[in-house]
Protein chains: 2
Amino acid sequence: MVIMTRTCEPDTRDTDVRVAVSTVIFSVRRDAHDEPVLSLPLVRRTRDPFEGRWALPGGWLDAQESLDAAASRTLAETTGLTPSYLEQLYAFGVVDRSPTRVVSIVYWALLRSDEVDAQVAAHARQDDAPENVEWFDATDLPALAFDHNEIVEYTLWRLRNKVGYSRIAHGLLPDEFTLADLREVTETILGRRLDPANFRRQVDTSDTLIPTERFRTGSHRPARLYRYNRDVELAERGPLTSRL
Amino acid sequence: MVIMTRTCEPDTRDTDVRVAVSTVIFSVRRDAHDEPVLSLPLVRRTRDPFEGRWALPGGWLDAQESLDAAASRTLAETTGLTPSYLEQLYAFGVVDRSPTRVVSIVYWALLRSDEVDAQVAAHARQDDAPENVEWFDATDLPALAFDHNEIVEYTLWRLRNKVGYSRIAHGLLPDEFTLADLREVTETILGRRLDPANFRRQVDTSDTLIPTERFRTGSHRPARLYRYNRDVELAERGPLTSRL
DNA sequence: ACAAAAGTGTTGAGAATACACCCATGG
DNA sequence: CCATGGGTGTATTCTCAACACTTTTGT
């Protein structure tokens, strides 16, 4: 094992690096035609590398916070919200152009659409909408800074994968939701339609949902509201990710 | 986004941290009864935190190397070998006791058992076996330094998972191997016996193996030798991990 | 009554499993 | 020739996608 003493010099010669944390934040929002769109917030860069380009929200890791905490803080600073789901994605050791060495740790998160809507509405009322932050269609992004396009692509792949064997789509929904809600969100993530009958069977054989006695009454037959069963979390994830 | 200037001070006040890379290195070795055992090399610590305890091999990230390269180097320094498979596992942001902040990035790797055997034999001949390095049964470890027990546990879970839907067991075998070899390695990873007939069907419907015209002649009917088909790699992994 | 969504039942195709059976070789 | 592992065939079970069908509401 290589052991180096921590020296104090202006140039980056030894093992000191800076750690950045970025987060791909997904939520399902409605477009002009009221269609659900898988969306993510981006930040416009205001300084040199890639100035003016859109980038993933992020920041530097503080000395006294954990990686997860840094991701949450980043997310709060950008959207003012707490994630309903947060998972580490990958660590990138860029050796590029930068004068100082940077290691970038990427997280991905889900936000409940109702909270996003409320927050955006509040900002609109108080006229304090954050500058340089905008929501984009995750499947139709402009050219981003750094390799952020690839990162989003990978995250999207991971999300689509995970929605198949795990039940995380509820992370985009309020506490209580109908199966149609859950199915619509899942369809938005996957980009294809699902059979309502089979979808119902899959979720209720997986024991991830608790039926309530409440119903949503709409223009047709009322739909039962469900609630997420938090006791399932441990089994389906790995030993480490369950720490979140 | 928070931007901080890089200052030079003796204490860790700002965003500078050190990045360590550790690797869980798996190989299948034979015990005294010639039974295959999923094994990994550990290093005995020679300094203070957890002095004397066994730990995962690792080292500090150099300023000019990528994360993957650092993992490979670490692995070479410990075992003198190149991995047949290398994948990033997780980044840990320990905020503990340490005076300087450390972020630890953990990889896991597979080594071909024939190369390990050759290397160990060479060391034995030249009497230069590395000090403080020993192979352990991955399923029966002593109390390790830091949280390395949990990390190995998670890696083991990941490996067992992956051996189910992907075909990575070949990473533990020589270029040419019989289906019995591959099955034995898979059984060792999973810790349970598999049906030879069904195992055969599964691998040859997955198109990951190329049959050769060579056979291994033993005490019974000769078994056909197979070779791994490298063209499959791209499809089964995610966009990013395929960079390895 | 009717349109439309909620919810149930049925069927068929393909994958996973268990296991019976034949093949080829060294002793 | 026979014990043993290599290799094939087949029946059973299970999961999953497709879709017909019944139920319940608002209009």
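Lettering of chains follows the sequences in order, A, B, ..., and the numbering in each one begins at 1.
Remark: A:Phe136 pairs with A:Trp54 by the ring pair (Phe, Tyr, Trp, His ring centres under 6.0 Å) rule, at least two apart or across chains.
Nucleotide D:dC14 holds its C1' atom 15 Å from the CG atom of A:Asn198, rounded to whole Å. Put simply, CZ on A:Arg200 is 6 Å from C1' on C:dA6, counting in whole angstrom units. Between the CG atom of B:Leu225 and the P atom of D:dG6 there is a distance of 12 Å, given to the nearest Å. A straight line from CZ of A:Phe215 to C1' of C:dG7 spans 11 Å, rounded to a whole angstrom. Between the CZ atom of B:Arg224 and the C1' atom of D:dG5 there is a distance of 16 Å, rounded to whole Å. Residue A:Phe199 contributes atom CZ, which lies 12 Å from atom P of C:dA6 at whole-angstrom precision. Look at NE2 on B:His220: it is 6 Å from C1' on D:dG5, rounded to the nearest Å.
The base of C:dA24 is not paired with the side chain of B:Arg221 by any donor and acceptor separated by under 3.5 Å.
Within the 4.0 angstrom heavy-atom criterion, base atoms lie near B:Arg201.
Residues from residues 174-195 of chain B that place a heavy atom under 4.0 Å from any atom of DNA chain C, listed by number: B:Asp195.
Taking 4.0 angstrom as the limit, B:Gln202 places a side-chain polar atom (N or O) nearer than this to OP1 or OP2 of C:dT17.
You'll find the side chain of B:Tyr85 stays beyond 4.5 Å of the side chain of B:Leu159, heavy atoms only. A heavy-atom distance below 4.5 Å is not found between the side chains of B:Leu42 and B:Val133. Looking at heavy atoms from C-beta onward, A:Val116 lies in side-chain contact with A:Trp135 at the 4.5 angstrom threshold.
Taking the side chain of A:Ala197 as heavy atoms from C-beta on, and the options C:dA24, D:dG7, D:dC19, the nearest nucleotide is D:dC19.
The side chain to side chain contact (heavy atoms under 4.5 Å, CB included) test with B:Ile25 is passed by exactly one of B:Leu110, B:Thr79, B:Thr155, B:Leu86: B:Thr79.
In terms of position on DNA chain D, the residue among B:Tyr226 and B:Ser219 whose nearest nucleotide sits closer to the 5' end is B:Ser219.
Side-chain contact annotation: A:Arg201 with A:Asn198, donor-acceptor N/O pair under 3.5 Å present.
Taking 4.0 Å as the cut-off between side-chain N and carboxylate O, A:Glu134 and A:Arg29 do not count as a salt-bridged pair.
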